[in-house]
Amino acid sequence: MGRLCCYHSPMSRPNHALISARALQHNLARVRALMPGSRIMAAIKANAYGHGAKQCAAVLAAAGVDGFAVASIEEAEEIHGLGLRPSCTVLAGAFSGEELALASAHGHRLVIHNQEQLYWIQNMDSSSSLEIFLKVDSGMHRLGFSPAELPGVFNQLNATRNISLRILGLLSHLARSDTPEDPYNTYQIEIFQKAVREFGHCTLGEHSLPNSGAILSMPQSKTSWIRPGLMLYGLSPFVSETGRALGLLPVLTWQSQIVSVRELPSGSWLGYGAAWQAREASRVGIIACGYGDGYDRRLGNGAPIVVNGQHSRTLGRISMDLCFADLTHSDARYGDSVLLMGGKELPLEEIAISLDTIPYEIGTRIASRVPRITIP
Ligand SMILES: *Cc1c(COP(=O)(O)O)cnc(C)c1O
């Protein structure tokens, strides 16, 4: 049987996440088809959910995305450094007055959600300019002004004459878009739409509500800006459906290699804590990946992996830099590729369920020492 070829990175440790540009473009097209005419602010916070913010931003910008959503000015600065056309919106706005100057200088848009931020705006250097969204708390009760506070907020902003301020629109976030049938979604959408009816004229009318769950399932949540994150990476926010079932393609494929093969007599103990014992003469492959790469320790002793195209499983405990593959019934050998997660065969959604978490968390756990490599 032919060996499956692995990506050879210029670094020597064979452990990397391949990022499929084609899958990313396909998923962006899915977003467009679901809410045609809306402008798309791609959520690339937390290193693009672990997929590589710089890599994904470059692909998405080339595919015509309209903006990026990030969690901090630092993340916005990283993207700004790439010199791409779409600007970043900082979802939680500024965490200090100093950050406003940077946002102003580099054209980052801020989501304004509290009195402190309003105060910093009022005290900006005159002749600076700033573009903001105003966050409305429509029921999540995390960030945002309640609708009742909005008249006061607009009064304060209207009194800000020292700078050139563009209030793009109102922005809110849904708490239960992963369960579309939940009536709380309807409740939040109605609160938001009421705020838009009452206060939209005080803005430039560029409002923003839906994230992935809502884009996929709630056409009535459509606004002029939409904010997909998870679905762009080909992942499903719904527990009962994979991204593939929703017409999305997985973007990430995490690969490593077999860097040693051992023949163990029956009865041998394997690895830390001797957490696995050979019941028969066994072949064990050593994989160059461990929990130091973000491969969860709970994936020891039985997590599915694919070695040289053949389904296998982990054995024993996950070490910091290494783990074990069962090669007893496989012809795999030194240098063969190991699929750890992702691609078509090991959906992140399934890994998430096995670890009792959500796919959002799985990618963000992949450590920074794992290079993200864009492939066409
Ligand atoms: C992360 C985030 C998004 C994107 O959500 P997905 O569920 O990944 O599509 C949108 N809006 C806000 C405020 C966010 O924090």
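Any value given below was found using the heavy atoms of this structure, including those in side chains, with hydrogens, waters and symmetry copies removed. Counting starts at 1 for both ligands and their atoms, in listed order. Because the structure is predicted, anything quoted here is derived from the model rather than measured.
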(request) Can you sort out which atoms of ligand 1 are near Y49, meaning under 4.0 Å from one of its heavy atoms? (result) 1 (C), 4 (C), 5 (O), 6 (P), 8 (O)
Could you pull out every donor-acceptor pair under 3.5 Å between side chains of residues 244-251 and any protein atom, sequence neighbours left out?
none

(message) So, using side chain to side chain donor-acceptor pair (under 3.5 Å) as the criterion, who are the partners of D296 when residues are at least two apart?
(response) R298, R365
(request) Go through ligand 1 atom by atom and flag the ones less than 4.0 Å from a non-hydrogen atom of L230. (result) 6 (P), 8 (O), 9 (O)
(request) Run the salt-bridge test on D66 and R39 with the 4.0 Å N-O cut-off and return the result as yes or no. (result) no
(message) I need the atoms of ligand 1 closer than 4.0 Å to a non-hydrogen atom of S212, numbered in the order shown.
(response) 6 (P), 7 (O), 9 (O)
(message) Looking at every non-hydrogen atom in both residues, tell me the closest pair between L340 and L346 and how far apart they are.
(response) O-CD1, 3.5 Å
(message) Which residue and atom name correspond to the protein heavy atom nearest atom 7 (O) of ligand 1, and how close is it?
(response) Y360 OH, 2.6 Å
(request) Return yes when atom CD of E181 has more than 12 non-hydrogen atoms of other residues, nucleotides or ligands closer than 6.0 Å, and no otherwise. (result) no
(message) Would P228 count as a polar contact of ligand 1, with the cut-off being nitrogen or oxygen pairs under 3.5 Å?
(response) no
(request) Could you name the option among L209, N211, D178 that has the heavy atom nearest to atom 5 (O) of ligand 1? (result) N211
(request) Please say whether more than 12 non-hydrogen atoms of neighbouring residues, nucleotides or ligands are located less than 6.0 Å from CZ in R369. (result) yes
(request) Nearest heavy atom to atom 2 (C) of ligand 1 wins, so pick from K45, H173, R227. (result) K45
